[in-house]
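Quick notes on the structure that follows.
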There are 2 protein chains.
Amino acid sequence: MKKIAIDAMGGDNAPQAIIEGVNRALASFKDIEIQLYGDQEKIKHYLESEERVTIIHTDEKIDSDDEPAKAIRRKKNASMVLAAKAVKEGQADAVLSAGNTGALLAAGLFVVGRIKGVDRPGLMSTLPTTNQKGFDMLDLGANAENTASHLHQYAILGSFYAKNVRGIAKPRVGLLNNGTEETKGDPLRKETYALLSQDPNIHFIGNVEARDLMSGVADVVVADGFTGNAVLKSIEGTALSIMKQLKSSIKGGGFKAKLGALLLKESLSDMKHSLDYSGAGGAVLFGLKAPVVKSHGSSDANSIYYTIKQVRTMLETNVVGQLSEAFSKETISND
Amino acid sequence: MKKIAIDAMGGDNAPQAIIEGVNRALASFKDIEIQLYGDQEKIKHYLESEERVTIIHTDEKIDSDDEPAKAIRRKKNASMVLAAKAVKEGQADAVLSAGNTGALLAAGLFVVGRIKGVDRPGLMSTLPTTNQKGFDMLDLGANAENTASHLHQYAILGSFYAKNVRGIAKPRVGLLNNGTEETKGDPLRKETYALLSQDPNIHFIGNVEARDLMSGVADVVVADGFTGNAVLKSIEGTALSIMKQLKSSIKGGGFKAKLGALLLKESLSDMKHSLDYSGAGGAVLFGLKAPVVKSHGSSDANSIYYTIKQVRTMLETNVVGQLSEAFSKETISND
């Protein structure tokens, strides 16, 4: 049985969306057990069956505008904190939350803890490409600063994930840079390029540019947390702006445009679907002793279902255990 | 008369698109004189009238895959180099090229030269927003690394441009960061935040996130060259990918979808138009002794026309002269 601790109170649509996602996951996956942390009464209102479910009641929760590190320290009984503690104490194998990202990062680092040898766990998501295959990018902002050695570790982390969870035999790793030539970039990029080139355990394909990410230029894209965060938010912002613009163009285009939009409805929803990557699950704070996964704050039941599915795959493939082993070897060989 | 030196041989559609843009600009603006550098015969083939035009013949040109600094040094008679030299020697007031970006940056820095007091000229473009007003962002990649003092200078440069060329009385300056709170970011961002807050000559509105740029959160967005480059390319890549996806969805959607697309044609072209920012001109290497402007490599006659219009406005408002004065004062007061 895979035991997943879930913060039932995190996210804009909690607890309803969370519990509805849980209902669906429990029905689909017979090898999971769910621990729900939060308001027992509200949880029960949406829960369809208590089979393979434990509810751990708490009134406290972390709000989206709480200062992360402080919230983790002060709200010791918050649903998110209790879920993380369950992992630390071995009662659960993984933790999932759609709540305050910063707080979950803090809970991951300070409660669950890092894999020995991983210096700076990175936030990683599977982002959409036009060929539907997606790419994993990290760090998306767990850190404001990174060294070349951190970026090298991200290449290893991302490769393990792409191989195990996404089933890519030999993931192509690209270094996000301001040009594709080997000589491009600042000292951080140049140093990272050298480290990645020399590592026989990853399939490094060189520098990649942000322009080509959505075309599927690499399976794993390595970036420092500041740049990764800016790129992620640029992609999100641009996609949202274009969709908004498309809607307003149709709205302002009169009857003809509205009829056209009606006829195009399926195609547009196909497109939206192909850009929607909730099927890939949530963002993993990767490099910790257990899967700590953040579902988007606006997650609906569907997103929660897919995030549980993702966590289940991470547990099934034991990707974190494999990483621990790989990094323990590396630590030894570095001595 | 405003004298504009133009590299007639740079860009994918040169010299045809360049000369056709020049034809249009000469007809619209009676106060400009154009110097065309390149293959005389080819230029004449497209040129409609030689009034207010001088052709300076040269067979040499810089190719898109030439190594920038080397090309500038070795190809002393390349059309781009001669155009930059004309500015240096006072025969022209500004230079425009759609050729090799790196080479134009090198020509700008080493031939035209920096304004005294500006440490690292930045590449700046006016990018589209959904409210059609646009925003100016710099540095978009002239530098791989920047200090807080450079970023402070970009805030000043961008403000002068937005005020003079875009007519925004009190441009709102935002610092691109990984969150909006004052405490966000790495040491570079924190130091820059402090500098911008203390400068009474700019209207600093705080940190802005890449997600909100296209919503028009600021008129001027300041970033280091590495991040600015990544954000620019993310915006471009995402917009292109979505458009491609939209096309392929329509194509794969059968007769109904095609009819829908036909009815939506105007609305879609409205949308495309609103995202197309060629009306704002090209990218300015800003902080040099004269306007050095890069038009996109794939520029058509229309883009060239608008870039000439932009250069003309820069000359008319004497934005570079104003900057020189501002920075000479600053240099004195810093002593």
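Chain A is the first sequence line, chain B the second, and so forth, proteins listed ahead of strands; every chain is numbered from 1.
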Margin query: Under the criterion side-chain contact (heavy atoms from CB on, under 4.5 Å), I'd like the reasoning laid out for B:Phe226 against A:Leu188: C-alpha separation, chi angles, the key distance, then a yes or no.
Written below: CA-CA 11 Å; B:Phe226 190 86; A:Leu188 173 61; over 6 Å; no
Margin query: I'd like to know whether A:Leu264 forms a side-chain contact (heavy atoms from CB on, under 4.5 Å) with B:Ile250, so could you lay out the CA-CA distance, the side-chain angles of the two residues, the decisive distance to 0.1 Å, and finally the verdict.
Written below: CA-CA 7 Å; A:Leu264 263 181; B:Ile250 290 172; 3.6 Å; yes
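The residue among B:Glu209, B:Arg189, B:Met243, B:Met214 with the most heavy atom pairs within less than 4.5 Å of chain A is B:Arg189. Between chain B and the residues A:Asn143, A:Asn177, A:Leu262, the most heavy-atom pairs under 4.5 angstrom are made by A:Asn177. Most heavy-atom pairs under 4.5 Å with chain B: of the set A:Gly237, A:Ala210, A:Ser248, this distinction falls to A:Ala210. With respect to chain B, the highest number of heavy-atom pairs below 4.5 Å among A:Pro128, A:Pro187, A:Ala223, A:Ser215 belongs to A:Pro187. Ranked by heavy-atom pairs under 4.5 Å with chain B, the first of A:Glu236, A:Glu181, A:Lys184 is A:Glu236.
For chain B, the nearby part of A:Gln132 is the side chain; its heavy atoms alone come within less than 4.5 Å. Within the 4.5 angstrom heavy-atom criterion, atoms from both the backbone and the side chain of B:Gln245 approach chain A. Proximity to chain B (any heavy atom under 4.5 Å) is shown, for A:Leu213, by neither the backbone nor the side chain. Looking at A:Asn178, the atoms closer than 4.5 Å to chain B (heavy atoms on both sides) sit in the backbone and in the side chain alike. Heavy atoms of A:Lys256 lying under 4.5 Å from chain B belong to its backbone as well as its side chain.
Minimum interatomic distance between A:Ala144 and B:Asp186 (heavy atoms only, all atoms of both residues): O-CB, 3.7 Å. Summarising the geometry of A:Thr130 relative to B:Lys244, their closest heavy-atom pair is OG1-NZ, 4.1 Å, with the distance given to 0.1 Å. Minimum heavy-atom separation, B:Leu263 to A:Gly260: CB-CA, 3.7 Å. Taking every heavy atom of both residues into account, A:Thr227 and B:Ala230 meet most closely at CG2-CB, 3.8 Å. What you find for B:Lys233 and A:Gly179 is that their closest heavy atoms are NZ-N, 4.4 Å. Scanning both residues, A:Ile242 and B:Ala239, for their nearest heavy atoms gives CD1-CA, 3.5 Å.
Between atom CZ of residue B:Arg211 and atom CG of residue A:Leu232 there is a gap of 7.0 Å, rounded to the nearest 0.5 Å. Going from atom OG of B:Ser234 over to atom CG of A:Leu176 covers 7.0 Å, rounded to the nearest 0.5 Å.
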